[in-house]
Amino acid sequence: MPELPEVETIVRQLRPRLVGRRLLRVEVRWARSIARPSVRKFCDGLAGRRIDALRRRGKFFVLDLDDGCALVGHLRMTGRLVVGRRPDEAFARVVFELDRGERLVFSDVRKFGRLALVARLDEATGDIGPEPLELQGDWLHAALAARRRRLKPLLLDQSFLAGLGNIYVDESLHRAGLHPLRSSERVTRRQADTLARAIRETLTNAIAAEGSSFDTFYRTPEGRPGAFQDEFAVYGRGGRPCRSCGATIRRLVVGQRGTHVCPKCQPAPRGVRP
DNA sequence: CAAGACTCCTGACGGC
DNA sequence: TGCCGTCAGGAGTCTT
């Protein structure tokens with residue numbers, strides 16, 4: 001579920017509540033939520049540590065600890081982080097006891113989310129691409145030309161660009177007027193500039209709206225839903241009129257992912273029947 | 001190297 | 001009301 005704007009919102013809201021606090025004890029209720037090291041070493045390694053910083057890298061959140069290690073997590077589809085004295089969390093998978101009688105809870109209905117305790121960030125994230133908020137057209141153009149892939153799966157590939165998911169790829173491609181099946185190597189320099197700007201603007205607007213919520217799952221740590229779902233141009237709007245041109249938004253499947261496209265704003269590449 | 005199938009999980013929703 | 005199929009904001013692995 002959470003993509004870059006949702007993780008950024010969570011990090012911003014939790015930062016003042018977590019930085020400087022101590023982790024007293026860790027309880028793991030679903031062992032596979034811990035990616036590494038072992039559950040035992042995870043709990044032992046965190047007990048007594050102070051949180052020095054909270055930040056984001058792609059869709060990962062990172063708690064830097066006072067011993068130089070980091071608690072790194074990925075929320076995948078349904079993960080959440082909540083802080084409170086008695087957080088109401090029916091699906092708690094990992095519970096961290098903090099000082100001052102509070103708890104940090106990692107809850108996750110579908111159990112896809114993962115936490116890791118690592119000495120170096122890339123042990124948890126692997127080799128991931130650059131941050132999309134700093135994306136520049138010249139780099140993007142060269143990177144697209146170096147691959148021969150359809151735009152949508154490439155933009156979803158975290159080793160190419162770190163942070164975009166299904167919603168924001170569809171929204172960014174619509175904003176840039178590019179079809180998700182367009183071949184990456186055929187994107188012109190000018191189109192790459194437009195796409196880079198569309199990605200930055202889409203994400204910036206989504207962060208300003210505190211992300212997107214359209215079911216019971218994503219809530220900011222303050223408990224509020226995001227508001228960006230009200231600004232969706234195409235995502236989840238199949239069969240409805242495009243807000244820019246009035247054409248009917250189409251839903252197709254690309255790389256096993258639901259994909260939303262305006263046939264007029266995003267002309268299909270050669271050989272693709274719209 | 002690229003792309004598709006399948007897997008990990010649970011809950012919500014539509015149809016019958 | 002109940003059962004069943006389908007779908008979901010992610011990503012790793014294996015096969016073609």
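In summary, of the residues considered (A:Arg150, A:Gln266, A:His174), a side-chain contact (heavy atoms from CB on, under 4.5 Å) with A:Pro180 occurs for A:Gln266 alone.
No salt bridge links A:Glu210 with A:Arg12; every basic N to acidic carboxylate O contact stays at or beyond 4.0 Å. A:Glu102 has a carboxylate O that lies under 4.0 Å from a charged side-chain N of A:Arg21, or vice versa, which qualifies the two as a salt bridge. Between A:Arg257 and A:Asp170 there is no salt bridge, since none of the side-chain N atoms of the basic residue sits less than 4.0 Å from a carboxylate O of the acidic one.
Environment of CZ in A:Arg189: crowded, with over 12 heavy atoms of neighbouring residues, nucleotides or ligands closer than 6.0 Å. No more than 12 heavy atoms of other residues, nucleotides or ligands sit less than 6.0 Å from atom CG of A:Asp127.
The nearest whole Å value for the distance from the CG atom in A:Leu156 to the C1' atom in B:dA3 is 14 Å. In this structure, the CD1 atom of A:Ile128 is 13 Å from the C1' atom of C:dA11, given to the nearest Å. In this structure, NZ of A:Lys152 is placed 13 Å from P of C:dA11, rounded to the nearest angstrom. Nucleotide C:dA11 holds its P atom 13 Å from the CG atom of A:Leu155, rounded to whole Å. As a whole-Å value, the separation of A:Arg32 CZ from B:dT10 P is 9 Å. Between the CZ atom of A:Phe232 and the P atom of C:dG9 there is a distance of 10 Å, given to the nearest Å. Rounded to whole Å, the distance from CZ on A:Phe60 to C1' on C:dG12 is 12 Å. Distance A:Arg149 CZ to B:dG4 C1': 12 Å, rounded to the nearest Å.
Within residues 157-165 of chain A, the residues that place at least one heavy atom under 4.0 Å from DNA chain C are, in residue-number order, A:Gln158, A:Gly165.
Under the 30°/60° scheme for interplanar angles, the aromatic rings of A:Phe60 and A:His74 are found to stand perpendicular. Ring planes of A:Phe232 and A:Phe214: perpendicular class, angle over 60° (limits at 30 and 60°).
At the phosphate of C:dA11, OP1 or OP2 sits under 4.0 Å from a side-chain N or O atom of A:Lys59. The side chain of A:Lys111 contributes no N or O atom lying less than 4.0 Å from OP1 or OP2 of B:dC8. Residue A:Arg114 has no polar side-chain atom (N or O) positioned under 4.0 Å from OP1 or OP2 of C:dG12. Residue A:Arg150 places no side-chain N or O under 4.0 Å from the OP1 or OP2 atom of B:dC1.
Minimum heavy-atom separation, A:Leu151 to A:Leu144: CD2-CD2, 3.8 Å.
Picking from C:dG9, B:dC9, C:dA11 the nucleotide with the shortest atom distance to the side chain of A:His74 gives C:dA11.
C:dT6 and B:dC6 have their P atoms separated by 13 Å, given to the nearest Å. Comparing C:dG9 with B:dC13, their P atoms are spaced 16 Å from each other, to the whole Å.
A:Arg149 CZ to A:Leu181 CG: the interatomic distance, rounded to the nearest 0.5 Å, is 13.0 Å. For the atom pair CD (A:Glu171) and CD (A:Glu3), the distance works out to 10.0 Å, reported to the nearest 0.5 Å.
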Do any N or O atoms of the protein come closer than 3.5 Å to N or O atoms of nucleotides 12-14 of chain B, and which pairs are they?
none

Protein-nucleotides 6-8 of chain C N/O pairs under 3.5 Å:
residue	atom	partner	partner atom	Å
C:dA8	OP1	A:Arg251	NH2	2.4
C:dA8	N3	A:Arg110	NH1	3.0

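Between A:Leu4 and A:Glu131, some side-chain heavy-atom pair lies under the 4.5 Å cut-off.
Stacking annotation: A:Phe112 is not stacked on the base of C:dA11 (requires ring centroids less than 5.5 angstrom apart and an interplanar angle below 30 degrees).
Nucleotide C:dA8 is matched to B:dT10 when pairs are restricted to Watson-Crick or G-U wobble geometry with both distances under 3.5 angstrom.
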